[in-house]
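Convention: sequence-line order gives letters A, B, ...; per-chain numbering from 1.
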There are 2 protein chains.
Amino acid sequence: MDSPEITRGERGGSQTTRAVMQLREMLFSGEIPPGTRLSELALVERLGMSRTPVRTALTMLAEEGLVQAIGTGGFSARSFSERDVNDAIELRGTLEGLAARFAAERGISTIAGQMLGDLLARLDEVVTAPTLDADVMEQYIELNARFHREIIRLAESRVVERQIERVMALPFASPSAFVMAQSRCEDARNVLVISQDQHRAVVEAIIGREGTRAEALMREHSRVARRNLGQAVRSREALEQVPGGKLIQFDRYGEE
Amino acid sequence: MDSPEITRGERGGSQTTRAVMQLREMLFSGEIPPGTRLSELALVERLGMSRTPVRTALTMLAEEGLVQAIGTGGFSARSFSERDVNDAIELRGTLEGLAARFAAERGISTIAGQMLGDLLARLDEVVTAPTLDADVMEQYIELNARFHREIIRLAESRVVERQIERVMALPFASPSAFVMAQSRCEDARNVLVISQDQHRAVVEAIIGREGTRAEALMREHSRVARRNLGQAVRSREALEQVPGGKLIQFDRYGEE
DNA sequence: GGGAACTTTAATGTATACATAAAGGAAGGA
DNA sequence: TCCTTCCTTTATGTATACATTAAAGTTCCC
């Protein structure tokens, strides 16, 4: 139990790995539209491999929630409603909030505190950049993702970590999923400033061992991701900027 | 998206279904001890089927978190520490808390409220039974599980529902996992009384649309499951009463 | 004696063939 | 014309064979 969590699909350059990655990409890009049935034989042709790794990949993607097993056999590509997106983000925030509370309750080392401080400083540089061009936003996304990963790691809970990974298999649930879409809004800078303030406050709460505060802040932080979500989901142009945007069918709002 | 979630292993009487169920049982019973490597060929002999469904089953059980893929190939049976158990229960409480909040915020129908009321009445009967014998406890477990399922359903969130299912794939994380073990403690009746009081309060909060209250209560409710967890985990006799008890290695406490 | 390199064996990944089940179409009857 | 039943086709589940890789064992050199 000492090596990082490894999934089957992550081992080397195997056919199964290829299948998982390519199918993911096809789902995310809309090449496989939400709701469509996935025919093994068609995928075999498309991916240029035998049925076995394709089947394994489909089984794994089903567990990721990107495809769904059909009762009579086979799989179909899942679609997600605006509510699903909202709930997934709320769910991630809830789990990351739990992680932040654990980190605060369990305490972190001085070194970890310094590492977080460094991260915050780098995020500060990005957030205060003169213009928020694509390069700056990419840097923000990278650092933001790293910040989130570190918080989760500092919770020192395999169970929680694993659970968060599962939520994040849905790309629109990731911490930076809407950053690019938001960067087009006129309050883009404000959103980054607020987010960064929350980052800073979370770290302060963790170091200060204020579990409840850390959790509440981390949860609220995930909600920043949802600013302008409504208009982002309904704008085709903005939706192009959202990872996994093609999985979302906004006319399925509220439908269960 | 109108049928209940179906996993590959749940389709009919297939070999894969058999393999998943039998492997689960072997893991839960300790027939496959935690940490041991799972050899495909040995399992093929043991389960009396070809490698294909065995491999599929292992892939699925890996996603359930019961087995772990090894980087160089194959799988091993996972072991869980006392911290894992604690964290899994806390995690379930957190997610059920979120579900309860959703239910409260989104509102439930009059019929659903009555259904919950009926459930509470039946739970009352069980909790006030003259003696807490095995039959009574089984009834409690059944009704308790049903109560939890209904709360989750009333959240009307596929994403959250799915996530909770994933947590509950670890049997010791289920709402009634420690009920039988607790029934041997001298405060068994008190635990049931407190739990039922919380059930009632959660329903009240949901109907009253008090999201924060519902969430907090539901989270605290999961903690009742942890009463006497320490001694339950360390007592071999009590651990026999815990679903998935064999997965737990209490001498791995805190080890990451 | 210990470590490195090589060889052999065993296990896992993949491809393919066979078996089974589901879906679709056609024909017949009401 | 519509519904039911039957047959055919197609897709998926499973078994088996082949290919590749990892692990174990042996030999040689320092």
Side-chain angles (χ1 to χ4, degrees), chain A residues 1-24 26-27 32-33 35-63 66-78, chain B residues 1-24 26-27 32-33 35-63 66-78:
Chain A
M1 304 294 291
D2 46 359
S3 57
E5 182 72 21
I6 294 165
T7 61
R8 283 290 299 283
E10 288 172 12
R11 275 185 294 195
S14 72
Q15 296 284 71
T16 301
T17 304
R18 274 188 59 225
V20 169
M21 291 170 73
Q22 286 184 28
L23 284 172
R24 264 207 212 108
M26 287 156 76
L27 291 160
I32 297 175
T36 61
R37 182 170 183 130
L38 301 171
S39 150
E40 284 181 12
L41 294 185
L43 294 179
V44 161
E45 288 201 25
R46 223 134 127 183
L47 300 180
M49 64 183 73
S50 76
R51 281 173 60 208
T52 313
V54 169
R55 296 173 60 79
T56 303
L58 288 171
T59 300
M60 294 168 71
L61 290 167
E63 288 296 330
L66 295 172
V67 304
Q68 178 178 26
I70 298 170
T72 51
F75 298 86
S76 64
R78 262 228 169 105
Chain B
M1 306 290 291
D2 46 358
S3 57
E5 182 73 20
I6 292 165
T7 62
R8 286 287 303 285
E10 287 172 11
R11 275 184 295 196
S14 69
Q15 295 285 68
T16 301
T17 304
R18 272 189 59 225
V20 169
M21 291 169 74
Q22 285 184 30
L23 284 172
R24 264 205 212 110
M26 287 156 77
L27 290 160
I32 298 175
T36 62
R37 180 170 184 129
L38 301 170
S39 150
E40 283 181 14
L41 294 186
L43 293 179
V44 159
E45 287 200 26
R46 222 133 130 186
L47 299 180
M49 64 183 74
S50 76
R51 281 173 59 210
T52 312
V54 170
R55 295 174 61 77
T56 303
L58 287 170
T59 299
M60 292 167 74
L61 290 168
E63 288 296 329
L66 294 171
V67 304
Q68 179 179 24
I70 298 169
T72 51
F75 297 86
S76 64
R78 261 228 169 105

Could you give the [atom1]-to-[atom2] distance, from [X] to [N], as a whole number of Å?
| X | N | atom1 | atom2 | result |
| --- | --- | --- | --- | --- |
| A/E40 | D/dT14 | CD | P | 11 Å |
| A/R51 | C/dT14 | CZ | C1' | 13 Å |
| A/F75 | D/dA11 | CZ | C1' | 13 Å |

Minimum heavy-atom distance [X]-[Y], with the two atoms named:
| X | Y | answer |
| --- | --- | --- |
| B/A77 | B/P33 | CB-O, 3.7 Å |
| A/A62 | A/F75 | CB-CE2, 3.8 Å |
| A/A19 | A/A57 | CB-CB, 3.6 Å |

[X] versus [Y]: any side-chain heavy-atom pair under 4.5 Å?
| X | Y | answer |
| --- | --- | --- |
| B/R55 | A/T52 | no |
| B/L43 | B/L58 | yes |
| B/L23 | B/L66 | no |

Option from B/L47, B/T59, B/L41, B/L38 for which side chain to side chain contact (heavy atoms under 4.5 Å, CB included) with B/V54 holds: B/L47
Identify which nucleotide among [options] has an atom closest to any side-chain atom of [X], counting heavy atoms from C-beta outward.
| X | options | result |
| --- | --- | --- |
| A/P53 | D/dT12, C/dT12, C/dA15 | C/dA15 |
| A/T52 | D/dG13, D/dA17, C/dT16 | C/dT16 |
| B/L41 | C/dT12, D/dT12, C/dG13 | C/dT12 |

For B/R37, enumerate each residue passing the side-chain contact (heavy atoms from CB on, under 4.5 Å) test, keeping only those at least two apart in sequence or located in another chain.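 By the side-chain contact (heavy atoms from CB on, under 4.5 Å) rule, B/R37 matches B/I70.
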Measure the angle between the two terminal helix axes of the helix from C/dG1-D/dC30 to C/dA30-D/dT1, five base pairs each, and quote it to 10°.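 The angle separating the two end axes equals 20°.
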Within the pair [X] and [N], is there a side-chain N or O less than 4.0 Å away from OP1 or OP2?
| X | N | answer |
| --- | --- | --- |
| A/S50 | C/dA15 | yes |
| B/Q15 | C/dT20 | no |
| A/R55 | D/dG13 | yes |
| B/T16 | D/dG13 | no |

Select base, sugar-phosphate, or nothing to describe what A/L43 touches, counting heavy atoms under 4.0 Å on all strands.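 The residue A/L43 makes no contact with any strand.
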Measuring from atom CD of B/E63 to atom CG of A/L61, what distance do you get when rounded to the nearest 0.5 angstrom? 9.5 Å
Considering only nitrogen or oxygen atoms on both sides, find all protein atoms under 3.5 Å from nucleotides 20-24 of chain D and state each distance.
| unit_1 | atom_1 | unit_2 | atom_2 | d |
| --- | --- | --- | --- | --- |
| D/dA23 | OP1 | B/T72 | OG1 | 3.0 |

